[in-house]
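Written out below as structure tokens is the structure these notes cover.
Scope of the values below: all heavy atoms of this structure, side chains included, with no hydrogens, waters or symmetry mates.
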Amino acid sequence: MKNTIPPVKGTRDFYPEQMAVRTWLYETVRLVSESFGYQEWEAPLLETLDLYAAKSGEELVKKQSYVFTDRGGDEITLRPELTPSLARMIARKQNELAFPLRWWSFGPFWRYEKMQKGRAREFFQWNIDLLGVDSPEADAELVAVAAAFLKRVGLDPARARILVNNRRFMDAEFAALGIPPEQRGDVSGLVDRRDKMEPAAWETYARELGLSTKQMDGLQTLLADADGWRRSDELSRLFTALDALGASEYVRFDPNIVRGLLYYTGTVFEAFDVSGSVRRAILGGGRYDNLLADVGGEPVAAVGFAMGDVVVGIILQELGLVPALPVNPSAVLVTVFSPDLLPASLKLAAHLRSAGLNVTCYPEPAKLQKQFKFADRMGMKAALVVGPDEAAAGKVTVKNLKDGTQETIASGQALEAVKKILERH
RNA sequence: GUGGGCGUAGCUCAAUGGCAGAGCACUUGACUGUGGAUCAAGUGGUUGCGGGUUCAACCCCCGUCGCCCACCCCA
């Protein structure tokens with residue numbers, strides 16, 4: 001094909017096959033969210049740039065956001081994430097809402113970034129948040145929701161793992177190492193980058209930040225300590241709750257998880273596919289208790305996570321965990337024998353539809369061979385023929401496409417015959 | 001932005017300087033009222049684009065565009 005206009009870079013075309021997968025993911029997310037009592041909601045896809053300026057992080061706002069000036073002169077952005085919208089909407093109705101709030105959402109987001117595996121510029125994201133509760137048990141609920149999703153799609157604990165840490169815990173540990181508060185952000189960045197850099201380069205970077213040999217050693221020990229969580233009351237309560245929720249088989253403490261977004265205040269977590277080809281997080285989240293106050297509301301405790309559709313989509317496809325999904329809603333084809341019999345076919349199709357069946361009528365007369373081939377390609381289960389012989393006798397031929405049998409019966413019996421074929425699927 | 005890989009039929013890919021091919025898909029027929037299987041024939045190409053080297057370029061060289069992978073960031 002020549003000169004077709006290509007899609008916008010980083011967007012994906014959803015042909016019916018891909019749309020079926022996206023819908024399936026949406027429905028799975030709905031099922032899991034609702035099983036914990038969360039309500040679906042949605043924010044605008046357009047927000048003011050100001051909304052993100054406060055807390056989302058330089059990279060996200062300045063480099064990755066799609067921003068344009070509208071006709072009124074306002075700076076508008078295609079939302080790059082949902083949490084600031086959530087904070088904004090809650091701040092505006094704070095006294096009318098029934099806390100604790102459990103909300104979930106699944107919608108499109110845009111980030112302008114270099115294309116690579118597991119990333120798109122237009123993607124869909126599941127967001128789920130619990131607001132108004134400040135406790136490790138609330139954090140545990142969100143981790144349990146994440147675990148329930150992984151289980152639901154067939155990613156067992158051997159394949160997927162949720163790694164958990166706590167920023168307050170890390171802050172205390174950094175303090176114990178004599179790292180001053182103003183330096184802790186950089187050190188967090190250092191930790192975040194550890195498994196992405198060569199050990200030697202990482203150490204050089206650490207020295208450039210001004211860490212002493214003693215602090216370096218302490219940091220290495222901290223990051224290698226799988227039992228460090230025992231020193232944190234918050235983390236201890238979190239793991240106790242996860243045990244009770246039956247989610248602990250998915251969860252591990254990992255002091256290397258710090259996360260890039262600025263607004264996290266306590267628990268942070270990310271889920272990974274253990275052995276797959278994508279080394280990116282499937283989902284990530286944590287506690288963000290200050291965000292509501294930062295956008296002008298009364299302080300509200302909050303915890304939540306987000307999952308993009310791209311990484312989890314790749315992993316599930318690679319592992320064959322996406323079920324066979326029906327692409328064609330109609331399993332019945334009414335063929336059209338000839339121009340003069342077109343009305344008879346249309347009438348038959350309408351009759352079957354009025355009885356509640358999904359019915360496709362071939363749109364024009366054509367060779368039956370072509371029409372049956374079409375029925376086969378569309379995965380139909382039954383095909384009906386109204387030819388001259390049938391029409392003259394007030395009959396219809398009903399063919400079962402699965403076993404190849406067919407019968408010619410009175411028109412009035414067609415509905416029952418088709419239903420019988422569909423039942424046997 | 002930096003480094004690497006790849007651009008050939010609708011799709012997946014061959015052809016390593018000498019006639020641009022195969023499989024799948026599509027169309028037609030074997031079957032003048034019936035799909036999936038089989039067989040036969042057929043349609044389909046500015047080899048991403050522009051230049052250069054050569055008797056001769058899909059192939060070598062230069063440039064350019066696009067895609068993929070890695071780095072940064074993140075779902």
Distance below 4.0 Å between A:K399 side-chain N/O and B:rG36 OP1 or OP2: no

N/O donor-acceptor pair, side chain A:E390 with base B:rG33, under 3.5 angstrom: yes

With heavy atoms under 4.0 Å as the rule, sort A:K370 into base, sugar-phosphate or nothing. nothing

Does A:F123 lie flat on the base of B:rA75, that is, centres under 5.5 Å apart and planes under 30° off? yes

Among side-chain atoms of A:Q406 and A:T397, is any donor-acceptor pair under 3.5 angstrom? no

Counterpart base for B:rU16, defined by Watson-Crick or G-U wobble contacts under 3.5 Å: none

Among A:W41, A:W126, A:F36, which one satisfies ring-ring contact (aromatic ring centres under 6.0 Å, His included) with A:W103? A:W41

For B:rG35, does the base pair up with any side-chain atom of A:D376 as donor and acceptor (N or O, under 3.5 Å, distance only)? yes

Going by purine N1 to pyrimidine N3 plus the second Watson-Crick contact, or the G-U wobble pair, all under 3.5 Å, which nucleotide sits opposite B:rA30? B:rU38

Classify the nucleic acid contact of A:G285 as base, sugar-phosphate or nothing, counting any heavy atom under 4.0 Å across all strands shown. nothing

For A:V385, which contact category applies under a 4.0 Å heavy-atom criterion: base, sugar-phosphate, or nothing? base

Does A:R30 make a cation-pi contact with A:Y26 (under 6.0 Å, within 45 degrees of the axis)? yes

Please work out if A:F374 contacts a base, only the sugar-phosphate, or nothing of the nucleic acid, heavy-atom cut-off 4.0 Å. nothing

Answer for the Watson-Crick or wobble partner of B:rG45, both distances under 3.5 Å, is none

Whole angstrom is fine here: how far is it from CG in A:D403 over to P in B:rU34? 18 Å

Side-chain N or O of A:R377 versus OP1/OP2 of B:rC26: is the shortest distance under 4.0 Å? yes

Which part of the nucleic acid, if any, lies within contact of A:A271, taking any heavy atom under 4.0 Å across all strands shown: a base, the sugar-phosphate backbone alone, or nothing? nothing

Tell me whether A:R184 is salt-bridged to A:D171, with the criterion being a basic N under 4.0 Å from an acidic carboxylate O. yes

Whole-Å distance between B:rC74 P and A:L283 CG? 16 Å

Whole-angstrom distance between B:rG7 and B:rA15, as gauged at atom P: 10 Å

Look at all strands and tell whether A:A375 reaches a base, only sugar-phosphate, or nothing, counting heavy atoms closer than 4.0 Å. nothing

Tell which nucleotide pairs with B:rC74, taking only Watson-Crick or G-U wobble pairs whose two distances are both under 3.5 angstrom. none

Complementary nucleotide of B:rC11, counting Watson-Crick and G-U pairs under 3.5 Å: B:rG23

Do A:R280 and B:rA75 have a side chain to base donor-acceptor pair shorter than 3.5 Å? no

By the 4.0 Å heavy-atom rule, please label A:D389 as base, sugar-phosphate, or nothing. base

So what does A:Q371 hit on the nucleic acid, given a heavy-atom distance under 4.0 Å: a base, only sugar-phosphate, or nothing? nothing

Only pairs with both distances under 3.5 Å count, Watson-Crick or wobble alike; so what is the partner of B:rG50 in this structure? B:rC62

Would you mind reading off the distance between A:L368 atom CG and B:rU32 atom P, rounded to a whole angstrom? 12 Å

Please say whether more than 12 non-hydrogen atoms of neighbouring residues, nucleotides or ligands are located less than 6.0 Å from OH in A:Y112. no

Interatomic distance, A:Y15 OH vs B:rC11 P [rounded to whole Å]: 11 Å

Check: A:T335 main-chain N/O paired with A:S345 side-chain donor or acceptor under 3.5 Å: yes

From CG of A:L190 over to C1' of B:rC73, roughly how many Å is that when rounded to an integer? 16 Å

Among the nucleotides B:rA75, B:rG33, B:rG35, which one has an atom lying closest to any side-chain atom of A:R119? B:rA75

Of the nucleotides B:rG29, B:rU34, B:rG36, which one has an atom closest to the side chain of A:K367? B:rG29

So does A:R152 pair up with A:E34, basic N to acidic O under 4.0 Å? no

